[in-house]
Each structure stands twice: as C-alpha cells, then as structure tokens.
Number of protein chains: 2
Amino acid sequence: MAIKERKEREKQDMRNLIIESATQLFLKHGYDKTSIRNIADDIEYSPATIYLYFKDKDEIFYVIHENAFVILDGLLRKNQSIENPIERLHAIGKTYMQFAFDNPDYYDLMFIMRAPLSQIKSEEQWKSGECAFGYLIDTIGECLDKKLVKPVDKMLLSISTWSFVHGLVSLYIRERMCIVPMEDSQIKQMLDVAVENYVENLRA
Amino acid sequence: MAIKERKEREKQDMRNLIIESATQLFLKHGYDKTSIRNIADDIEYSPATIYLYFKDKDEIFYVIHENAFVILDGLLRKNQSIENPIERLHAIGKTYMQFAFDNPDYYDLMFIMRAPLSQIKSEEQWKSGECAFGYLIDTIGECLDKKLVKPVDKMLLSISTWSFVHGLVSLYIRERMCIVPMEDSQIKQMLDVAVENYVENLRA
DNA sequence: GTTTTTACTAAACACTGTTTATTATATTTA
DNA sequence: TAAATATAATAAACAGTGTTTAGTAAAAAC
C-alpha cells in the first residue's frame, strides 16, 4: 500500500505549496490583500482547489501564524547564552522589537490582527505562543529569584513587560506614533531607549 | 439667497444622518461588518447617495474617528480636578483603560485599526488626538517639574506610559491575553493593578 | 413657462470568500 | 485487459464588498 503513502505525501506537498505561496504573497502585500484567487493564480491552480486542502482562508492564516511563532521563539531563545537574567531580559526585549520591525506583517498577524478565534483559542494550538511567552515568564522568574528586580508578582511583571514592548511596537506598526513630532529614525531610536529604560527601572 | 443656506443646512443634516447611522451600526457590528449598503438600507437611501456626501468609506471612518477622540479627550480632562499630578496620571491611565473596555470598537478604530493614512497623517486632522496626547505630556511634565517622578526625558516617558497602557488594552481587546492562564475577570483586575504598579514605579 | 441645476438611484464593474455540479484522470476490481 | 469506482481539479455560480456611471425626476433660476 505504498500508493496511499505517496498520496499522503502529495497531499502534504500541495499544502506546503499553498502555504509557501500564501506566505510569500502575504509578506509582500499583507494579509487582507492576499486573496484566495491570488494564491491560486500564483500556484497555477483554480481557487476551488485550495479548498480541497484547507477548510477556509482562516486555516491558511493559522498555519502561517504558527510558523511565525516558531521563528520568533527560536530568535528569542538565542539569548539563552546570556547568563545574567536581567541582561537577558533586555536582550529578549530588543530581539522581540527587532523581529517586529524586520517582519511587521508577521508581527501584525501574530499580535494585532483580529484573529480567527475558532482556531487560536484552543490552548493546544497556542503551544508555540505559550512557549515564547513561557520563555519570558521563566526569565523574569529568574530575575525575581535572584532578587535582581524589585519584588512583584511574576505573572503581573510578565504581562506588564510584554504589554510595554507590544505597546511601543504596535503603535509604531499601526502608524500611531506619527503624533510624536519626530522623524522616523529618531522615533525608532527612542523606542529602543524606552525598552532599556524600562528594564533598568525594574532593578532592585 | 436663503435657499443656498437652507441647502447647505440640508447637506450637513444628511451628512449627520449618515454618520449617526454609520456610528450606530459600527458600534453594534464593528467597522468591517458595516457596509455602505447596510448604512444605505438603514437611512433608506440608495448606496450611491452616500457617495454624494462622502468621498469614500474612509472619509466616514475618519469622522467617526474624530468624534471618538473628542469623547476620549473630554473624559481624560475630567481628571483635571485632581491636584497631585502623579495621582492625576494614575487616574488618566484608569480612565483611558475604562474607555477602551467600555468602547472597544471606538478604541480599535482610534488606536489599532489599519487607518486610512491619507486622512489621518495630516497633522491638522490629528488635532484632537494631539490634544489628548498633549494632555498626557503636560501631566507628565508637571510630575517631572515637581520632582515627583524619577528624572527622565519628558517625551520618552510620555510615549512609554501611553505604550504601556495601550499594550495592556490592545492585547486584551485583540484577545491575545488568552495565553495567560486566568479567567477574564482576573485578567481585567490584573491589568488594573499593572497600571497602578507602573505609576508607583515612576515615583522619585 | 422654459431652461438649468440639483438630488437621487438602478445597474453595472471589479473585486472578495466559498460552494456546487461536472469532468477528466488515476486506481481498483472483475 | 476492460469495466467500475474513487480521486483530483475546475468552471461557474452565489452572495457579498466598495465604487462609478448613466439616466431620471424634482426643484430652482431665468
């Protein structure tokens, strides 16, 4: 029954083809402007074919979403070599911010876009997300354990830290920082300083 | 030439009618799910008529956007009676957050939605936005002048403070707080504590 | 009373995500 | 090998979107 396995492989290949095309189009033009017909044109199949491999557009969204979390998680964990946890925390913040500026469309998809909840709400699926957030919690836990930062509830500090950097990044990405009377390069520089300042302020 | 004036009045009335209907529909179903045809049905005119009063959907978006900023600005300034600027800052943060939770669709429109830049980028139009943000800057300036908070660049602290609360609020509104293993009411409570904790940490 | 301007709309255009009925091909069975 | 069945792909349609165009009634100006 090698045919069944080949078919299974071909099915997965087709899914990969669709995801690759969708990701590329999405990173070039953004999610909203990537239509099923665009993807179909790109892979030279009819639009209806895509629905043989994915339930709907949300399911494609979700796979890209999952991939993005794997990428971010990998980047964040590259800071594991930094021994001092508060310095590591600082590096994590900078890495997170850099990821957002390098891949604004990924960031949008991950943390800003109104998400297809049916897919995301299930906790299983958030695994890689929980993983990245879990890494932040662990690092902050280490800072607290070693009394390097002022004592405070671990979860509170984790949410606060994430929210702080997300706030800076998302206001920038969604172009609300334009009310600040500064040039773009100056603003980006200030956002960097803001993260630095925030982490320094946590110190015990 | 009273006819011309009456016509002008009628034109403005029609614009108001459209905006009122659009706002009501938008607050009920969200922006994306409010179509020009929905508005047209509601006011009992043809869709094409709306284009005689507004250039496009973005222009309707922008008027609602402007109105929302007037509302928020008014709410924030109600805290002016609080004399201690750092306590006022705390109150402003809580008011901002309450506004977001009470009017998530307004908040979305104001600070999260991908905005029609053509309208918003022009600084004139951001007037009320600048006004609300200006009020934050002024309050923080007062805190700095009176040496109630640790010395730091005024603009940096203003952006940081805004970003912090925006981060908390926007992650909640766009349902990313679901990775935190807590119930909704607990999360909301924690967000409140986070703001309190943040302001306390600023103290000199 | 005739002309001109204004207010409005039906219908169309070019899109969107998605579904259905149909066809051609590949696989299985007799 | 030939007929029956299962699979893969698609053309066409459905219901929706924002927006434009051409045409019609009513109001205002002359």
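The sequence lines fix the lettering, A, B, ..., with proteins before strands; numbering per chain opens at 1.
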Shorter than 3.5 Å, N or O on both sides, protein versus nucleotides 26-28 of chain D: list them out with atom names.
residue: D:dA28; atom: OP1; partner: B:Arg6; partner atom: NH1; Å: 3.3
residue: D:dA28; atom: OP1; partner: B:Arg6; partner atom: NH2; Å: 2.7

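In this view, A:Tyr45 satisfies the ring-ring contact (aromatic ring centres under 6.0 Å, His included) rule with no residue, not counting sequence neighbours. Partners of A:Tyr106 by ring-ring contact (aromatic ring centres under 6.0 Å, His included), not counting sequence neighbours: none found. By the ring-ring contact (aromatic ring centres under 6.0 Å, His included) test, B:Tyr198 pairs with B:Phe164, sequence neighbours left out.
Whole-Å rounding puts the A:Ile60 CD1 to C:dG17 C1' distance at 11 Å. When rounded to the nearest whole Å, the span between CG of B:Leu17 and P of C:dC8 equals 11 Å. The distance between atom CZ of A:Phe54 and atom P of C:dT19, rounded to the nearest whole Å, is 15 Å. Distance B:Gln12 CD to C:dA7 P: 14 Å, rounded to the nearest Å.
Here B:Glu142 contributes atom CD and B:Leu89 contributes atom CG; the two are 10.5 Å apart, rounded to the nearest 0.5 Å.
Pairs engaging residues 18-30 of chain B under the side chain to side chain donor-acceptor pair (under 3.5 Å) rule: B:Ser21-B:Asp42 [sequence neighbours left out].
Residues B:Phe69 and B:Phe111 place their aromatic rings such that the two centres sit under 6.0 Å apart.
Aromatic ring pairs are classed by plane angle as parallel below 30°, tilted from 30° to 60° and perpendicular above 60°; the pair A:Phe61 and A:His65 is parallel.
Taking a 6.0 Å sphere around CD of B:Glu10, one finds it holds more than 12 heavy atoms contributed by other residues, nucleotides or ligands.
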Seminar exercise, completed: With B for base contact, S for sugar-phosphate-only contact and - for none (protein heavy atoms under 4.0 Å), nucleotides 9-19 of chain D reads BBB-B---BBB

